[in-house]
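Working notes, beginning with the structure itself.
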Amino acid sequence: MLLEMRKHRFAGYIGGAGIANVAILLFLILIGFADKGAEDYPFGSYEGSFMIIDTFTRATFIIFAGALISKLIISEYKNKTMNVMFTYPIKRHKIIAVKLMIVFIFTFVMIMFSNLLMGAILITTDHFYSFIPEALSIDEAWRLLVKYTISSLSAAGMALIPLFFGMRKHSVTTTMVSSMLLVLVVCSGFNGNGSELSIHSLIVIPLTLGAIGLWIASLSMVRLETKDVN
């Protein structure tokens, strides 16, 4: 895994994730100022505030995961460098497994880190400006932490779904477009005022999509011995 990260200069992706966090923060600040004083103010409660943070974070890093899949897997198939890797004395499914583990772990860690970072900024800002009426209790904080840990895991799993479409014709464009379409579907529960609609009000939906992503990852390793190599 470390060799794969060095090969693709993974430090650059970490820097890109940092820039993405800055963009998320600026966008949240823009929403906060634009809707200030509104009756349905998005940051009127901690529940709604964290839901907004998690929605933008998941959307950002699901697309980011699509870029990683394109770079680590799809591009290597397209450029035939994957065939060279398969000549190494390492089982083929282990090579793909390592690449997918990198995408999964990176996506999960960055979503969790971003949620915690934005949440800490939100709590600190509210401490000085008091724009959220109720206080955040310890029990509520633990409940939100568990909820968004599950959300981050499911998002990391579903971020692998574009692999299925990208592998059809080894197309980077298809991979990225499917990532964006996935974001439109899984983040459709956000309506701008801190409330959730159907797709995220039921935890079974993101968990199911996450399981589908992991199933696609395992399926891609099974196909290695036949169609994908040829």
Side-chain angles (χ1 to χ4, degrees), residues 10-65 67-68 104-156 158-159 179-180 182-184 186-203 205-207 210:
F10 215 75
Y13 290 100
I14 296 175
I19 295 173
N21 271 297
V22 173
I24 293 171
L25 178 60
L26 292 176
F27 201 77
L28 292 173
I29 292 173
L30 178 63
I31 293 176
F33 279 105
D35 293 342
K36 188 176 182 180
E39 184 178 349
D40 56 350
Y41 186 53
F43 297 103
S45 68
Y46 278 108
E47 178 72 26
S49 299
F50 279 100
M51 190 276 290
I52 294 171
I53 290 171
D54 185 59
T55 298
F56 284 112
T57 302
R58 279 185 288 108
T60 300
F61 288 103
I62 287 176
I63 295 176
F64 209 105
L68 282 176
F104 181 88
I105 294 172
F106 178 84
T107 304
F108 169 71
V109 169
M110 289 313 306
I111 292 176
M112 276 299 297
F113 172 78
S114 300
N115 279 336
L116 292 172
L117 175 63
M118 300 303 163
I121 293 174
L122 173 72
I123 294 171
T124 302
T125 305
D126 180 64
H127 177 74
F128 290 101
Y129 296 100
S130 300
F131 52 87
I132 299 179
E134 77 275 10
L136 181 65
S137 66
I138 299 297
D139 290 341
E140 180 70 5
W142 278 110
R143 187 184 71 82
L144 290 172
L145 180 61
V146 172
K147 177 180 179 180
Y148 291 116
T149 299
I150 296 173
S151 175
S152 300
L153 283 170
S154 64
M158 71 179 72
S179 293
M180 295 175 187
L182 180 63
V183 165
L184 291 177
V186 301
C187 296
S188 61
F190 172 68
N191 64 2
N193 61 6
S195 63
E196 286 182 294
L197 301 180
S198 59
I199 197 164
H200 279 296
S201 59
L202 297 175
I203 190 64
I205 296 177
L207 287 178

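What's counted below: heavy atoms across the whole structure, side chains too, no hydrogens, waters or symmetry copies.
Between Phe104 and Phe108, the ring planes are parallel. Angles under 30° get that label, and only those over 60° would be called perpendicular.
Residues Ile132 and Leu122 meet the side-chain proximity criterion, which asks for heavy atoms closer than 4.5 Å. You'll find the side chain of Glu134 stays beyond 4.5 Å of the side chain of Glu47, heavy atoms only. In this structure the side chain of Met51 never reaches within 4.5 angstrom of the side chain of Leu144, judged on heavy atoms.
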(request) With ring-ring contact (aromatic ring centres under 6.0 Å, His included) as the test, would you mind laying out the steps for Phe56 and Phe27 before giving the verdict? (result) CA-CA 9 Å; Phe56 284 112; Phe27 201 77; 5.0 Å; yes

(request) Go through Leu116 and Leu145 one step at a time and tell me if the side chain to side chain contact (heavy atoms under 4.5 Å, CB included) criterion holds. (result) CA-CA 9 Å; Leu116 292 172; Leu145 180 61; 4.0 Å; yes

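In this structure, the side chain of Ser114 does not engage the main chain of Ile111 through any donor-acceptor pair within 3.5 Å. Checking side-chain atoms of Thr125 against main-chain N and O of Ile121 turns up a donor-acceptor pair under 3.5 Å.
The CE atom of Met110 sits 14.5 Å away from atom OH of Tyr13, with the distance rounded to the nearest 0.5 Å. Atom OG in Ser151 sits 7.0 Å away from atom CE in Met158 (nearest 0.5 Å). Remark: Ser45 OG to Phe50 CZ distance equals 10.5 Å, nearest 0.5 Å.
The side-chain contact (heavy atoms from CB on, under 4.5 Å) test with Thr57 is passed by exactly one of Asn21, Ile52, Ile24: Ile24.
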